[in-house]
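Each chain gets a letter, A, B and so on, in the order the sequences are listed, and its residues count up from 1.
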There are 2 protein chains.
Amino acid sequence: MSNTDFRLTPQRKIILEELMETDTHLTAAEVYEIVRARLPRISLGTVYRNLETLSQLGMIQKLEVGGTQKRFDGKTNIHYHVRCLSCGRVDDAPIEPQTALEEAIEGLTDYEIIGHRLEFVGLCLKCGKKPGGEARTRA
Amino acid sequence: MSNTDFRLTPQRKIILEELMETDTHLTAAEVYEIVRARLPRISLGTVYRNLETLSQLGMIQKLEVGGTQKRFDGKTNIHYHVRCLSCGRVDDAPIEPQTALEEAIEGLTDYEIIGHRLEFVGLCLKCGKKPGGEARTRA
DNA sequence: TCAATATTAGTAATGATAATTATTATTGAA
DNA sequence: TTCAATAATAATTATCATTACTAATATTGA
């Protein structure tokens with residue numbers, strides 16, 4: 001039996017392609033909407049299942065940013081994010097991984113430290129302008 | 001009309017007391033369980049509503065840590081957290097706020113930066129020991 | 001004392017995600 | 001090639017966390 005029985009189905013291929021082509025980071029629902037333009041019969045469950053599978057295989061990254069929905073990232077290297085408090089948009093943060101942070105707490109807690117997540121919050125270009133554009137998304 | 005019509009009901013008082021007394025950071029469901037020992041007839045909805053109200057008033061803090069559930073903190077000052085990847089437990093991280101981080105990205109993004117969140121992940125004392133104790137909670 | 005308002009318990013509704021299931025597609029060995 | 005084994009799908013249902021609704025109770029201040 002081959003344990004390499006991962007099949008790059010049309011659904012998976014297109015999900016991957018669309019994730020690669022976006023510079024922001026999409027929710028499962030957003031991926032579903034976008035992919036549906038090319039595969040109208042795909043189901044939301046398939047999107048969820050494959051986003052999970054692909055991130056399990058390390059081909060994409062499941063992000064744990066604030067807000068109520070998970071977001072997915074075509075880039076798998078370690079990097080940080082900026083999130084808009086108004087519309088929920090998430091972009092990459094142009095700052096290098098701060099390894100010094102983990103060294104700083106090493107030994108100061110009972111925890112075996114494995115990693116860290118840094119997320120900046122603020123207002124994106126679009127939401128920062130208009131004065132009524134705040135507090136749209138919950139937390 | 002007084003706009004100071006916040007009433008410190010027994011429910012709210014006890015929720016606050018219990019939050020203050022814990023060193024870790026509880027989910028709404030955990031608060032519910034603990035408070036129920038003293039107020040058996042309280043409802044889960046009341047717990048959620050009051051956790052929201054109290055954090056809105058700045059008396060407690062609603063945390064946006066990873067995992068599927070929000071957590072609540074009796075301390076309202078700015079500080080960081082460590083989260084156990086196995087059991088989900090969240091403790092304070094003994095490290096000062098890194099104001100330099102926000103200065104570092106200032107001007108490098110289109111965002112108006114308002115703040116940042118830093119969360120360390122790892123294994124707590126209990127989960128780090130036992131070899132089967134990993135990957136209990138999702139993400 | 002009483003009407004206005006706040007809060008509650010209980011329950012139903014929502015939204016995000018995961019599990020189930022029956023069907024379709026793909027593979028690799030005979 | 002053909003066919004049984006396996007993988008993946010679409011569609012549906014279930015689950016979990018959270019929020020909204022509602023009718024009843026409690027509190028306040030005139």
Side-chain angles (χ1 to χ4, degrees), chain A residues 1-16 25-33 35-57 59-72 83 87-88 90 135-139, chain B residues 1-16 25-33 35-57 59-60 62-72 83 88 90 135-139:
Chain A
M1 74 197 73
S2 61
N3 57 359
T4 323
D5 41 14
F6 167 82
R7 300 181 184 171
L8 189 59
T9 62
Q11 290 84 342
R12 286 175 178 170
K13 191 157 180 291
I14 290 178
I15 288 173
L16 266 175
H25 305 87
L26 306 172
T27 63
E30 286 168 348
V31 171
Y32 176 57
E33 275 314 312
V35 168
R36 220 138 68 109
R38 298 173 60 186
L39 276 179
R41 298 193 50 76
I42 198 171
S43 84
L44 180 57
T46 297
V47 172
Y48 269 104
R49 182 167 19 79
N50 285 329
L51 287 172
E52 183 62 33
T53 302
L54 293 171
S55 68
Q56 218 85 79
L57 291 172
M59 302 174 72
I60 65 173
Q61 201 177 352
K62 187 201 270 191
L63 302 185
E64 286 258 3
V65 290
T68 52
Q69 289 159 282
K70 297 267 185 306
R71 288 179 180 266
F72 297 86
R83 176 169 56 98
C87 69
V90 174
R136 189 71 47 76
T137 39
R138 210 133 261 311
Chain B
M1 71 196 78
S2 61
N3 57 357
T4 323
D5 41 13
F6 166 82
R7 300 182 185 171
L8 189 58
T9 61
Q11 290 86 339
R12 287 175 179 169
K13 191 156 180 292
I14 289 177
I15 288 173
L16 267 175
H25 304 87
L26 306 173
T27 64
E30 287 168 348
V31 171
Y32 176 55
E33 275 314 310
V35 167
R36 223 140 64 112
R38 299 173 59 186
L39 275 179
R41 299 193 49 78
I42 197 171
S43 83
L44 180 57
T46 298
V47 171
Y48 269 104
R49 183 169 17 79
N50 285 329
L51 287 172
E52 183 61 34
T53 303
L54 293 171
S55 69
Q56 217 86 78
L57 292 172
M59 302 174 74
I60 65 174
K62 187 200 273 190
L63 302 185
E64 286 257 4
V65 290
T68 53
Q69 288 158 282
K70 296 267 186 306
R71 289 177 179 268
F72 296 86
R83 176 169 55 99
V90 174
R136 189 74 45 77
T137 40
R138 206 131 264 312

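When the side-chain nitrogen and oxygen atoms of B:Arg41 are compared with OP1 and OP2 of C:dG10, one or more of them lie within a distance under 4.0 Å. Listed pair A:Tyr48 / C:dT17 meets the phosphate criterion, a side-chain N or O lying under 4.0 Å from OP1 or OP2. Between A:Thr9 and D:dT9 there is a side-chain polar atom (N or O) within less than 4.0 angstrom of OP1 or OP2. Within the structure, a side-chain polar atom (N or O) of B:Thr46 is placed less than 4.0 Å from OP1 or OP2 of C:dA9.
Residues A:Leu51 and A:Lys70 form no side-chain contact, since every pair of their non-hydrogen atoms from C-beta on lies 4.5 Å or further apart.
The two residues B:Leu8 and B:Lys13 make their nearest non-hydrogen contact at CD1-N, 4.0 Å.
Among the protein residues, A:Arg49 comes within range of the nucleic acid bases, having at least one heavy atom under 4.0 Å from a base atom.
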Evaluate A:His25 against A:Gln61 for side-chain contact (heavy atoms from CB on, under 4.5 Å), listing each step before the verdict. CA-CA 10 Å; A:His25 305 87; A:Gln61 201 177 352; over 6 Å; no

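Proximity note for B:Arg7 (side chain, C-beta onward) versus D:dA26, D:dA7, C:dA16: the nearest is D:dA26. Here the nucleotide nearest the side chain of B:Gln11, chosen from D:dT6, D:dA10, C:dA9, is C:dA9.
In terms of position along DNA chain D, the nucleotide closest to B:Arg71 lies nearer the 5' end than the nucleotide closest to the other residue of the pair B:Arg71 and B:Pro10.
D:dA14 atom P lies 17 Å from atom CG of A:Leu44, rounded to whole Å.
A salt bridge links B:Glu33 with B:Arg36: the closest approach of a Lys/Arg side-chain nitrogen to an acidic carboxylate oxygen falls below 4.0 angstrom.
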